[in-house]
Amino acid sequence: MAKKPNKLKARLPRGFVDRSAEDIRATDEMLSQIRAVYEQYGFDPVETPAFEYTDCLGKFLPDTDRPNAGVFSVQDDDEQWMSLRYDLTAPLARHVSENINEIQLPYRTYRAGWVFRNEKPGPGRFRQFMQFDADTVGAPGVQADAEMCMMMADTMEALGIPRGQYVIRVNNRKVLDGVLESIGLGGEENDERRLTVLRAIDKLDKFGIEGVRLLLGEGRKDDSGDFTKGAGLGKDQAEFVLSVVMNERFVEGEEEMALDQANRKTPGFSEGFAELDLIRDVISSCGYGEDRIKIDPSVVRGLEYYTGPVYEAELLFDVTNEKGEVVQFGSVGGGGRYDGLVKRFTGRDVPATGFSIGVSRLMTALKNLGKLNTSDVSAPVLVTVMDGDVEALGRYQKMAQDLRNAGIRAEMYQGNWKKFGNQLKYADRRDCPIAIIQGSDERDAGEIQIKDLIEGKRLSEEITDNITWRESRPAQITVKEADLLTAVKGILESHAEDRKRASEG
RNA sequence: GCAGACGUAGCUCAGUUGGUUAGAGCGUCGGAUUGUGGCUCCGAAGGUCGGUGGUUCGAAUCCACUCGUCUGUACCA
C-alpha cells in the first residue's frame with residue numbers, strides 16, 4: 001500500500017439529522033395520538049408538497065444578493081424560483097385558493113409534514129423539522145379560534161401531558177395593535193418601531209420585566225456584552241405598554257382593567273377585548289378553566305400574517321438537556337387567525353384560523369417527562385443457521401415464516417452462518433428475545449432448541465468461567481418440532497409479563 | 001449576522017517551556033472457543049493532531065486566515 005486514496009468524508013449537512021428506529025416509532029406514535037384528536041373534532045387530512053413556487057410562500061423573493069436567506073430556493077429549468085416550504089400554513093392557503101370552488105367552506109383540515117428553514121441551527125433547532133397543523137378556513141367568528149385552543153389543550157393531554165403541566169395562552173393582535181396606536185406608533189411610517197416593540201414584549205419570559213423595559217427604551221446589554229438597540233420609547237409610552245402586557249386583571253376582561261388610561265383606548269383595542277371576551281365565554285362554558293387556557297396579554301406570536309386572536313402552547317415543567325441542565329424551552333406550538341392569507345390569491349375574503357404543533361420539539365420535551373412511548377416493538381426471534389445446504393436453509397426460512405404467520409416477529413440469520421458464536425452475538429446485540437437452534441442432532445430427533453436469551457443473560461451473571469457457561473446452555477429448552485410455536489409464544493408472553501411487572505414496580 | 005470558548009483514534013480524553021516513532025480507556029475486528037451470547041486472556045486495525053498558509057533547525061503545541069462545534073445575542077415569515 002503506497003499512498004492512501006483520499007476517502008470521501010461522509011457527513012450530514014449541518015442542521016439536519018438522521019432519525020433512529022426509536023425516534024421514528026416514537027414519532028409515529030405521537031402523530032397517531034394527535035391525529036386521533038383532530039379527527040375527533042371533525043378535521044380531514046390534506047397534504048401539499050415540500051416545494052412551492054417562491055412567490056406563493058410569502059414575501060421572500062430570492063434576490064441576487066441572498067437568494068436563500070431564510071428559505072432553501074432553487075431555480076426551475078423554466079427559471080421560476082421554487083422554495084422548500086418553511087411552514088404548512090402558506091401552502092395550505094395556496095391549496096385552498098387553487099381549489100376554492102371545489103372546497104366546501106368552512107374547511108376543517110389537518111396535516112403533518114416536514115418544513116425547512118435556512119437558518120442557524122442549534123441544539124433542538126434543526127433546518128428540517130416536522131409540524132402538525134390544523135386549520136379552519138372560511139370561519140370568520142372567533143368561536144373558531146376558541147375551538148382551536150380547546151383542541152390544542154385536548155391534544156396536550158392526549159399526548160400524556162398532565163393538566164397543570166401545560167397552558168394555552170391566548171391574546172389578540174388587535175389589542176396589541178391598539179396599544180401601539182394609542183402611544184402614537186400607528187401608521188406605516190412606524191412599522192419598524194412597532195416590530196421592535198412586539199419583539200421586546202415577546203421576550204418577557206426570557207428577560208423578565210426589567211429586560212423588556214430596557215428593550216422598550218434605549219436597549220439592553222446581554223451577558224456576552226453585546227448591545228441590543230431598543231425601541232426608543234419614552235418612559236410614559238413604555239410604562240403604558242408594560243401596564244397592559246403585565247396587567248393581571250386583563251384576564252378578567254376589559255371592564256376590569258381599571259386603567260386610568262381609558263382615554264387611550266382605540267377601536268381596535270376594544271374590538272380585541274370583545275373577541276377575547278367571547279373566547280373566554282366559549283371555553284369556560286365548555287369547562288376549560290384557566291389552568292388549561294388562559295388569556296395572557298404578553299403573547300405576541302410571530303409578526304407577519306396574524307390578524308386577530310393568537311395562541312401558544314407552553315409547557316410548565318422543566319426540560320433538561322443531555323447534561324441535565326434546565327433549558328429555556330419556549331412554546332411547543334401555536335397559531336392564530338390569518339384573515340388575509342387566502343385573499344392574496346383569490347381577492348375574496350376567506351378568513352381562517354389554525355395552529356401548528358412543533359412535533360420534534362414536543363418530542364424532546366415528552367422524552368423529558370418520561371411520557372414518550374418508548375416502543376414496545378420487541379426485536380425479532382432469531383432462527384439460527386447450523387447447516388448451509390439448500391434443504392436446511394429452506395427449513396430455517398420456513399421456521400421463520402411459520403413464526404411470522406403466527407404473528408411473531410422473526411428473522412433467519414443472514415450473515416456468515418459458519419461461525420455459530422457470531423449468530424448468538426448478533427442476536428444478543430440486536431436484543432433478540434429468543435434464538436431458535438436446530439442442528440443435525442436435533443433434526444434427527446425431530447426436535448428444536450429454544451434459547452431464552454433474556455433469561456440466559458440474567459443467569460450469566462452467576463457464571464464466571466466460560467466452559468461452564470457454554471456447556472450448561474443456560475435457559476435453553478428442547479421441544480418437539482410441532483411444539484415450536486406454542487413454546488415460543490409462551491416465552492414471549494412471560495417476557496411481556498416481566499416487563500409489565502418491572503414498569504409497574 | 002455579532003461576540004466568546006473549543007476542535008488530538010469510532011467515542012471520552014491525556015500529551016510538560018516548541019524536541020525523536022502522538023498515547024490511554026472504552027468500542028471495533030481476529031484468536032484462545034469448527035455446535036452456544038456474558039466474563040477473562042492474547043493480538044490487530046484504526047490519526048493528513050479540523051483545513052490552508054506562516055514563524056522555526058524542529059509545530060499537536062506559536063501566529064494569521066478558514067471550516068466546524070458549543071454558549072450568549074440578533075433574526076425566525
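Order of the sequence lines sets the chain letters (A, B, ...), proteins ahead of strands, with each chain counted from 1.
Side-chain to base pairing of A:Lys120 with B:G72: one donor and one acceptor N or O lie within less than 3.5 Å of each other. Side-chain atoms of A:Arg14 stay outside donor-acceptor range of the base of B:C67, with no qualifying N/O pair under 3.5 Å. The base of B:G1 is not paired with the side chain of A:Glu119 by any donor and acceptor separated by under 3.5 Å. Residue side chain A:Glu471 does not reach the base of B:U36 through any donor-acceptor N/O pair under 3.5 Å, judged by distance alone. You won't find any donor-acceptor pair under 3.5 Å spanning the side chain of A:Arg470 and the base of B:U36, going by distance alone. On a pure distance criterion of 3.5 Å, a polar donor-acceptor pair joins the side chain of A:Lys451 and the base of B:U36. A donor-acceptor contact under 3.5 Å links the side chain of A:Asn466 to the base of B:G38.
Closest contact between the side chain of A:Lys419 and the listed nucleotides B:G38, B:G35, B:G31 involves B:G31. Among the nucleotides B:A74, B:G35, B:G37, the one closest to the side chain of A:Thr228 is B:A74. Side-chain atoms of A:Ile463 lie closest to B:G38 of the nucleotides B:G30, B:G37, B:G38. Counting only heavy atoms from C-beta on, A:Arg429 has its side chain closest to B:C29 among B:U36, B:C29, B:C75.
Salt bridge status for A:Arg430 with A:Glu411: present, with a side-chain N to carboxylate O gap under 4.0 Å. Taking the charged nitrogens against the carboxylate oxygens, A:Glu312 and A:Arg301 do have a contact shorter than 4.0 Å, which makes a salt bridge. Here A:Asp498 pairs with A:Arg501 in a salt bridge; the nearest charged N to carboxylate O distance falls below 4.0 Å. Between A:Lys457 and A:Asp428 there is a salt bridge, since a side-chain N of the basic residue sits under 4.0 Å from a carboxylate O of the acidic one.
Nucleic acid contact for A:Arg430: none, since no nucleic acid atom lies under 4.0 Å from a heavy atom of the residue. When heavy atoms are screened at a 4.0 angstrom cut-off, A:Phe207 is found touching the sugar-phosphate backbone but no base atom. As judged by a 4.0 angstrom heavy-atom cut-off over every strand, A:Lys425 is placed among residues touching the sugar-phosphate backbone only. Across all strands shown, A:Glu455 has no heavy atoms under 4.0 Å from either base or sugar-phosphate atoms.
When only modelled atom types and interatomic distance are considered, A:Gln438 and A:Glu447 share no side-chain donor-acceptor pair under 3.5 Å.
For the pair A:Arg169 and A:Tyr311, the NZ or CZ position fails the cation-pi test of under 6.0 Å to the six-membered ring centre and within 45 degrees of the ring normal.
Consecutive Watson-Crick or G-U pairing (both distances under 3.5 Å) extending over three or more pairs maps onto RNA chain B as B:1-7 with B:67-73, B:10-13 with B:23-26, B:28-32 with B:40-44, B:50-54 with B:62-66.
B:U16 sits 10 Å from B:C62 when the P atoms are compared, rounded to a whole Å.
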Donor-acceptor pairs under 3.5 Å, side chain of residues 332-343 of chain A to any protein atom, not counting sequence neighbours: which ones?
residue  : atom : partner  : partner atom : Å
A:Arg337 : NE   : A:Asp145 : OD2          : 2.8
A:Arg337 : NH1  : A:Ala139 : O            : 3.0
A:Arg337 : NH1  : A:Asp339 : OD1          : 3.0
A:Arg337 : NH2  : A:Ala139 : O            : 2.9
A:Arg337 : NH2  : A:Gly141 : O            : 3.1
A:Arg337 : NH2  : A:Asp145 : OD2          : 2.9
A:Tyr338 : OH   : A:Asp135 : OD2          : 2.6
A:Asp339 : OD1  : A:Ala352 : N            : 3.2
A:Lys343 : NZ   : A:Asp349 : OD1          : 3.2

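Applying the 5.5 angstrom centroid cut-off and the 30 degree plane-angle cut-off, the aromatic ring of A:Tyr305 is not stacked upon the base of B:A77.
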